[in-house]
Asks: 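Encoded as structure tokens, here's the structure I'll be asking about.
One-based numbering along the sequence shown.
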Amino acid sequence: MIGFSEGFHDSAVACVRDGYIVFATHGERISRQKHDKRLPLEAAAIAQASNLTDNVISFYERPLKKKIRQYFAGQKAWRQPRDLCMKPTHYCEHHMSHAAAAFQTSVFEEAACVVVDSIGEFDCSSIWTAKMVNGKAEYKKVWNMEYPKSIGLWYSALTKWAGLKPLDEEYIFMGMAAYGKPTHVDEVHALLDKNNHRGIKDLHGAPHDIAKSAEVILEYELMNIFNIAKTYSNNICYGGGVALNCVINTKLREMCNLWIMPNPGDAGGALGAALIPYGKKVQFTPYLGYNIKRPIDPNEIVAKLLSEGIVGVASGRAEFGPRALGNRSLLADPRKISTKSHVNSIKRRQKFRPFAPAILEEYANDYFEMPSHSRYMQYVYQCKRPHDIPAVLHVDNTARVQTVPETSESILREILEVWYEHTGCPVLLNTSLNVRGKPMVNDICDALNFSAKYHIDVY
Ligand SMILES: [Fe+2]
């Protein structure tokens with residue numbers, strides 16, 4: 001089965017077969033256009049070559065239903081012709097694609113699925129019950145919040161108000177909250193009841209304080225939705241672009257047994273579209289994209305880290321999702337605070353932006369106040385030893401932790417083991433192998449270009 005998403009932002013394609021996701025990629029990784037809404041033909045061709053069992057091509061939303069909403073909302077987009085890369089045989093409801101991407105990659109036999117994004121056809125938030133019946137997933141929508149009230153649109157409009165790019169830089173707005181105070185909570189909350197599709201004008205305050213106020217409201221609204229979902233099940237599968245907010249995710253994780261598929265936005269909807277007609281559960285791994293097959297020596301990488309303090313890794317299958325988890329990563333020494341500004345200048349990012357730590361999973365509790373694991377950088381935790389790893393901490397001494405288990409498929413595990421042997425530190429700074437505004441490195445040509453342009457060795 002093939003599923004794909006395109007036409008809005010972040011196109012993607014996924015292929016599932018025999019209980020596995022055999023291939024999945026974002027369109028941008030191949031076209032090299034950040035957030036490319038068009039799915040490149042090459043991505044579709046690789047997915048079709050991976051699909052040996054049927055002719056099912058499933059699209060992640062219902063275009064006609066979406067056009068009806070756009071028409072009644074007065075959006076010009078309803079006039080634009082639909083031009084898809086492949087001809088679908090199936091169409092899925094947008095929020096059901098998010099729900100299926102979450103539930104059918106989870107370990108649960110039954111769950112409540114919570115979906116929160118900007119907008120699908122009409123739904124902007126929804127709750128679904130999901131269960132496996134005779135080996136097939138069954139879904140039922142039990143609650144929804146319809147356009148124009150949208151938590152995702154509201155958060156994107158605030159991101160734009162702060163001078164950042166909506167549908168792209170929400171994570172920067174999230175990071176700004178750590179510097180602010182919740183001084184505008186009522187004002188920011190009142191905006192949620194308005195139609196924020198055309199932006200926010202009448203709001204005055206310091207962007208950091210608005211970001212903190214938005215964080216308070218987001219937590220309140222999501223906790224309310226999760227409390228409704230918990231009346232159906234304590235196992236919650238959470239999807240939609242709002243599930244990328246790792247600060248709030250951490251609070252939600254304390255409320256229930258939580259699973260967030262590490263690509264919960266619309267690109268991940270491509271996987272959900274494939275999983276709905278497939279019906280069964282699949283084994284999940286984030287390493288699903290283009291494969292760079294080449295021998296790589298962790299000793300050589302650690303030697304480079306010890307001499308230069310920074311090194312690139314482009315090896316194995318590319319991550320499906322917004323985070324680099326070791327196969328398309330820029331790794332650096334977390335023990336020196338100067339590493340942070342050095343990596344930020346290479347990546348051309350704002351100076352206040354934090355980096356994430358990758359840590360040998362068995363040492364996670366020595367360094368962070370956290371549960372036993374957090375393998376996909378989806379949650380933030382307080383550091384117990386901030387003086388030991390200052391380059392990977394935010395201003396409030398929290399970090400978006402990636403724990404790397406012995407079972408990891410990524411070369412990152414071996415690199416961390418060798419690094420620990422040499423330094424006694426089980427942590428490395430791990431950030432994506434790209435620069436601001438560009439997609440992550442995908443193939444060997446991209447890796448060589450990155451190396452030549454930024455004078456960093458990439459293995
Ligand atoms: Fe969505």
Side-chain angles (χ1 to χ4, degrees), residues 3 5 8-10 12 14 58-62 65-66 69 91-106 108 110-131 137-156 167 170 192 196 218-246 248-249 251-253 255-276 281 284 321-322 376 378:
S5 58
F8 184 36
H9 60 95
D10 293 302
S58 180
F59 192 56
Y60 84 128
E61 62 185 9
R62 295 185 182 279
K65 210 169 164 187
K66 186 170 169 175
R69 186 259 301 163
Y91 293 92
C92 306
E93 199 168 319
H94 185 110
H95 272 215
M96 191 170 166
S97 295
H98 282 307
F103 178 61
Q104 285 171 248
T105 55
S106 78
F108 306 132
E110 61 76 31
C113 300
V114 173
V115 180
V116 185
D117 66 1
S118 291
I119 190 163
E121 292 87 1
F122 285 90
D123 287 341
C124 299
S125 301
S126 60
I127 299 173
W128 305 67
T129 56
K131 59 181 173 186
E138 286 187 1
Y139 298 91
K140 188 176 166 204
K141 186 159 65 179
V142 292
W143 178 90
N144 69 338
M145 181 193 286
E146 285 196 355
Y147 182 83
K149 185 169 182 181
S150 165
I151 292 171
L153 277 177
W154 165 80
Y155 200 81
S156 288
L167 297 174
E170 279 77 1
L192 183 55
N196 292 301
L218 189 58
E219 182 182 331
Y220 171 79
E221 291 287 333
L222 288 172
M223 281 191 167
N224 283 344
I225 295 174
F226 267 59
N227 277 325
I228 301 170
K230 272 165 64 81
T231 62
Y232 295 94
S233 175
N234 204 41
N235 302 326
I236 295 188
C237 298
Y238 178 31
V242 177
L244 287 165
N245 189 309
C246 42
I248 311 293
N249 289 350
K251 309 264 173 70
L252 299 172
R253 194 183 192 187
M255 294 175 71
C256 57
N257 304 320
L258 182 61
W259 165 247
I260 306 172
M261 195 274 284
N263 195 357
D266 281 4
L271 174 59
L275 288 171
I276 289 168
K281 289 290 197 77
F284 184 77
Y376 308 111
Q378 295 168 303

Asks: Looking only at non-hydrogen atoms, find the nearest pair between Phe103 and Phe108 and report the distance.
Replies: CE1-O, 3.4 Å
Asks: Indicate yes or no for a side-chain donor-acceptor contact from Arg69 to the backbone of Glu121 under 3.5 Å, with no hydrogens or angles considered.
Replies: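 Side chain of Arg69 to backbone of Glu121, a donor-acceptor pair under 3.5 Å: yes, one is there.
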Asks: Taking all heavy atoms of Lys66 and all of Phe8, pick out the closest pair and write down the distance.
Replies: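 That closest heavy-atom pairing would be NZ-CB, 4.1 Å.
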Asks: Mark yes or no for whether Asn235, through its side chain, and Glu110, through its backbone, hold a donor-acceptor pair below 3.5 Å.
Replies: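 Judged by distance alone, yes, a pair lies under 3.5 Å.
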Asks: Would you indicate whether the side-chain heavy atoms of Phe122 and Asn144 approach each other to under 4.5 Å?
Replies: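 Counting from C-beta outward, Asn144 and Phe122 never come under 4.5 Å.
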Asks: For a 4.5 angstrom cut-off between non-hydrogen side-chain atoms, does Leu222 reach Asn245?
Replies: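 Of all side-chain heavy-atom pairs linking Asn245 with Leu222, none is under 4.5 Å.
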Asks: Report yes if the side chains of Ser97 and Phe59 come closer than 4.5 Å at any heavy-atom pair, otherwise no.
Replies: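 Contact flag for Ser97/Phe59 side chains = no.
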Asks: Listed by chain and number, what are the side chain to side chain donor-acceptor pair (under 3.5 Å) partners of Trp154, not counting sequence neighbours?
Replies: none
Asks: If you look at every heavy atom in Gly3 and Ala273, which pair is closest and at what distance?
Replies: CA-CB, 4.0 Å
Asks: Is Glu219 reaching over with its side chain to a backbone N or O of Lys251, donor-acceptor style, under 3.5 angstrom?
Replies: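 Not a single qualifying donor-acceptor pair exists.
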Asks: Does the side chain of Asp117 come under 3.5 Å of the side chain of His94 through a donor N or O and an acceptor N or O?
Replies: yes
Asks: Locate the shortest heavy-atom distance separating Ser58 from Cys92; write the atom from each residue and the value.
Replies: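 Closest pair (atom of Ser58, atom of Cys92, distance): OG-SG, 3.2 Å.
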Asks: If I compare all heavy atoms of Ala101 with all of Leu275, which pair ends up nearest, and what's the gap?
Replies: CA-CD1, 4.1 Å
Asks: Once side chain to side chain donor-acceptor pair (under 3.5 Å) is applied, do any residues pair with Tyr139, and if so which ones, sequence neighbours excluded?
Replies: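 Tyr139 satisfies side chain to side chain donor-acceptor pair (under 3.5 Å) with Gln104 only.
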Asks: Quick check: does any side chain N or O of Ser156 sit under 3.5 Å from a backbone N or O of Leu153, one acting as donor and the other as acceptor?
Replies: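 Checking the backbone N and O of Leu153 against the side chain of Ser156, no donor-acceptor pair under 3.5 Å is found.
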Asks: Is Ile225 close to Ile151 at the side-chain level, that is, under 4.5 Å between some pair of heavy atoms?
Replies: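 Answer yes - side chains close enough.
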Asks: Taking salt bridge (charged side-chain N to carboxylate O under 4.0 Å, His left out) as the test, write out the residues that go with Lys141, two or more places apart.
Replies: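 Applying salt bridge (charged side-chain N to carboxylate O under 4.0 Å, His left out) to Lys141 gives Glu93, Asp123.
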Asks: Can you check whether Cys124 reaches Lys149 side chain to side chain, under 4.5 Å on heavy atoms?
Replies: no
Asks: Examine distances only and state if a side-chain atom of Lys281 and a backbone atom of Ser106 form a donor-acceptor pair shorter than 3.5 Å.
Replies: yes
Asks: Of all heavy-atom pairs between Val115 and Ala99, which one has the smallest distance, and what is that distance?
Replies: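 Distance-wise, the nearest heavy atoms are CG2-N, 3.9 Å.
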Asks: Output the distance between atom OH (Tyr60) and atom CG (Asp266), rounded to the nearest 0.5 Å.
Replies: 4.5 Å
Asks: Going by heavy atoms in the side chains, are Val114 and Cys237 under 4.5 Å from each other?
Replies: no
Asks: Would Lys140 count as a cation-pi partner of Tyr232, with NZ or CZ less than 6.0 Å from the six-membered ring centre and within 45° of the ring normal?
Replies: no
Asks: Are any of the side-chain heavy atoms of Pro264 and Leu244 separated by less than 4.5 Å?
Replies: yes
